[in-house]
There are 2 protein chains.
Amino acid sequence: MTAEAGRTFVNEGDSADNFFNITSGTARLFKSLPDGRRQITGFAGRGHFLGLAVSNSYAFSAEAIEPVQYCRFSRIKLRQMLDDFPALEKRLLEVASNELVAAQEQMLLLGRKTARERVASFLLSRKLETAACISTTPHVHLPMTRSDIADYLGLTIETVSRTLTSLKADKLIGIPHPAEIVVLNQTGLAAQAGGYN
Amino acid sequence: MTAEAGRTFVNEGDSADNFFNITSGTARLFKSLPDGRRQITGFAGRGHFLGLAVSNSYAFSAEAIEPVQYCRFSRIKLRQMLDDFPALEKRLLEVASNELVAAQEQMLLLGRKTARERVASFLLSRKLETAACISTTPHVHLPMTRSDIADYLGLTIETVSRTLTSLKADKLIGIPHPAEIVVLNQTGLAAQAGGYN
DNA sequence: AGACGCATTTGACGCAAATCAAAGCCGCAG
DNA sequence: CTGCGGCTTTGATTTGCGTCAAATGCGTCT
């Protein structure tokens with residue numbers, strides 16, 4: 001199936017009938033508060049699994065940032081597949097463990113890092129993600145808006161923008177285009193990210 | 001095995017050779033930054049599984065808050081058990097999914113909630129946890145220190161203390177003892193927690 | 001009982017990031 | 001080409017929470 005940019009294809013609170021696997025594009029996963037405050041819990045790209053809920057309603061929403069292609073399975077179908085292919089279960093457990101580790105890292109970022117550390121950490125993790133597909137380029141592509149980045153890092157768009165400008169002023173990054181970042185000094189940027197990672 | 005209060009039995013970065021299952025007591029799970037800043041990612045009580053890492057080093061540390069009793073399995077032993085009892089794998093996937101949902105909720109708290117909302121949310125989630133064991137009492141027991149609560153909520157001990165005092169002043173809770181909270185007005189407290197939950 | 005040590009509370013002040021506001025920048029439709 | 005509407009950047013000001021500091025409470029050891 002396909003979702004054009006901006007389309008919400010999973011809605012927090014809805015009955016969790018389906019399970020998804022993204023085959024191309026990028027989606028934002030988020031939770032919202034009644035007054036509209038939003039926390040993006042992650043960006044889901046190619047290969048990402050979605051909707052592994054034990055509860056019977058989704059705990060998050062998912063929206064396409066870029067056009068997204070995905071496979072959709074009913075929960076019943078998923079259960080069948082899990083029975084037929086035990087290896088799939090092993091794989092899902094592996095994926096879930098990794099996401100859990102990423103979630104804990106993000107909690108550290110949200111709870112204890114400064115704005116500068118958050119943005120630097122974000123750029124580095126994005127760079128890793130990009131480098132996994134393409135080879136080792138210093139270029140990082142950001143398909144999401146500043147608003148998405150802010151809601152992912154627990155900041156405001158203004159703070160994200162100012163921090164990027166500041167990193168640029170310190171010659172750690174270049175910003176040829178708002179959606180394109182060049183890492184000029186990886187070591188220096190890592191030093192600003194406040195951690196071992 | 002047993003760990004007395006304060007004992008660290010899992011160390012972030014160490015080789016992830018073992019897998020744990022807590023049988024009694026409470027432990028804090030946390031990640032640290034080089035300069036000592038700490039983010040507690042969760043509190044592990046009876047039945048909690050620990051150390052489900054794909055990577056070969058632990059992504060977090062674990063310390064006993066109260067004396068903790070736990071079972072320890074080598075990773076090899078765990079793999080054997082997973083092969084022998086496929087139901088265990090199903091169970092672990094279930095547990096991991098639930099933790100993932102909890103982690104996302106915590107990201108929302110850390111990224112977007114105010115100090116008051118964080119503390120209120122924390123008390124309510126603790127109350128649920130306690131109510132699961134004992135019946136429905138308005139009493140919430142906090143085995144952890146203010147410092148632990150602060151590091152869990154992304155705040156300082158002073159802010160946690162002030163916020164509790166403020167909630168008490170508003171007659172939403174009572175504090176007979178620093179480690180004992182009485183929820184006087186559950187609905188009112190939920191309204192301060194800033195969410196559906 | 002007395003006193004030491006540690007956790008917690010309370011108070012005064014400062015600052016990083018939020019908020020409020022306005023000016024670019026850029027892609028796109030006409 | 002030109003004007004509109006969006007995202008982004010930059011600037012001025014405010015504020016919630018952090019920091020620094022001191023007092024209070026309480027369990028424990030002698």
Side-chain angles (χ1 to χ4, degrees), chain A residues 5-6 28 33 35-40 63 65-66 109-123 141-170 173-181 192 194, chain B residues 4-6 28 33 35-40 63 65-66 109-123 140-170 173-181 192 194:
Chain A
R28 49 175 169 253
L33 288 170
D35 62 6
R37 279 175 289 173
R38 185 179 71 156
Q39 178 64 38
I40 292 183
E63 280 177 13
I65 288 176
E66 306 166 305
L109 180 146
L110 292 170
R112 289 295 176 225
K113 288 190 180 178
T114 64
R116 183 166 254 252
E117 289 169 338
R118 293 181 201 203
V119 173
S121 301
F122 173 69
L123 291 175
H141 175 61
L142 304 176
M144 66 292 286
T145 66
R146 294 286 182 272
S147 178
D148 288 335
I149 300 174
D151 284 349
Y152 180 57
L153 300 179
L155 300 170
T156 60
I157 46 176
E158 293 95 329
T159 299
V160 170
S161 177
R162 271 187 255 273
T163 306
L164 285 170
T165 303
S166 160
L167 291 173
K168 186 175 95 178
D170 295 349
I173 62 170
I175 313 182
H177 181 89
E180 296 295 331
I181 305 289
Q192 299 289 312
Chain B
E4 72 273 25
R28 51 176 168 254
L33 288 170
D35 62 7
R37 278 175 291 174
R38 184 180 72 154
Q39 178 64 39
I40 292 184
E63 280 178 13
I65 288 176
E66 306 165 306
L109 180 148
L110 291 170
R112 289 295 176 224
K113 289 190 181 180
T114 64
R116 183 167 255 254
E117 291 169 337
R118 293 183 201 202
V119 173
S121 300
F122 173 69
L123 290 176
V140 180
H141 176 63
L142 305 176
M144 68 291 287
T145 65
R146 293 288 182 270
S147 178
D148 287 335
I149 299 173
D151 283 349
Y152 180 58
L153 299 178
L155 300 170
T156 59
I157 45 176
E158 293 94 332
T159 298
V160 170
S161 176
R162 272 187 256 272
T163 305
L164 285 171
T165 303
S166 160
L167 291 173
K168 186 174 95 177
D170 295 348
I173 62 169
I175 312 180
H177 181 90
E180 296 297 332
I181 305 289
Q192 299 289 311

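Below, chain A is the first sequence line, B the second, and so on; all start at residue 1.
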Gap between atom [atom2] of [Y] and atom [atom1] of [X] - 0.5 Å precision:
X	Y	atom1	atom2	value
A:Ile65	A:Asp148	CD1	CG	4.5 Å
A:Arg146	A:Leu164	CZ	CG	5.0 Å
B:Arg28	B:Ile40	CZ	CD1	6.0 Å

If you compare all heavy atoms of A:Gln192 against all heavy atoms of A:Arg116, which two are closest, and at what distance to 0.1 Å? OE1-NH1, 2.6 Å
Distance, rounded to the nearest Å, where [X] contributes [atom1] and [N] contributes [atom2]:
X	N	atom1	atom2	result
A:Arg37	C:dT19	CZ	C1'	15 Å
A:Ile175	C:dC26	CD1	C1'	16 Å
B:Leu153	D:dG18	CG	C1'	15 Å
B:Leu167	C:dT10	CG	P	13 Å
B:Arg162	D:dC17	CZ	C1'	9 Å
B:Leu142	C:dA7	CG	C1'	14 Å
A:Glu180	C:dC25	CD	C1'	17 Å
B:Ile181	C:dT8	CD1	P	11 Å

Reckon [X] has a side-chain N or O less than 4.0 Å from the OP1 or OP2 of [N]?
X	N	answer
A:Thr156	C:dA17	no
A:Ser161	D:dT8	no
A:Thr165	D:dT9	no

Looking at every strand, decide which applies to B:Leu155 at a 4.0 Å heavy-atom threshold: base, sugar-phosphate, or nothing. sugar-phosphate
Taking for A:Ile157 and for B:His177 the nucleotide of DNA chain D with the nearest heavy atom, the one nearer the 5' end belongs to A:Ile157
With distance as the sole criterion, do the side chain of B:Arg146 and the base of C:dT10 form a donor-acceptor contact below 3.5 Å? no
Begin with the C-alpha distance, continue with both residues' side-chain angles, and end with the deciding distance and a verdict on side-chain contact (heavy atoms from CB on, under 4.5 Å) for A:Leu33 and B:Lys113. CA-CA 9 Å; A:Leu33 288 170; B:Lys113 289 190 181 180; 3.9 Å; yes
Does A:Glu158 or A:Thr114 map to a spot on DNA chain C nearer the 5' end, using the closest nucleotide for each? A:Thr114
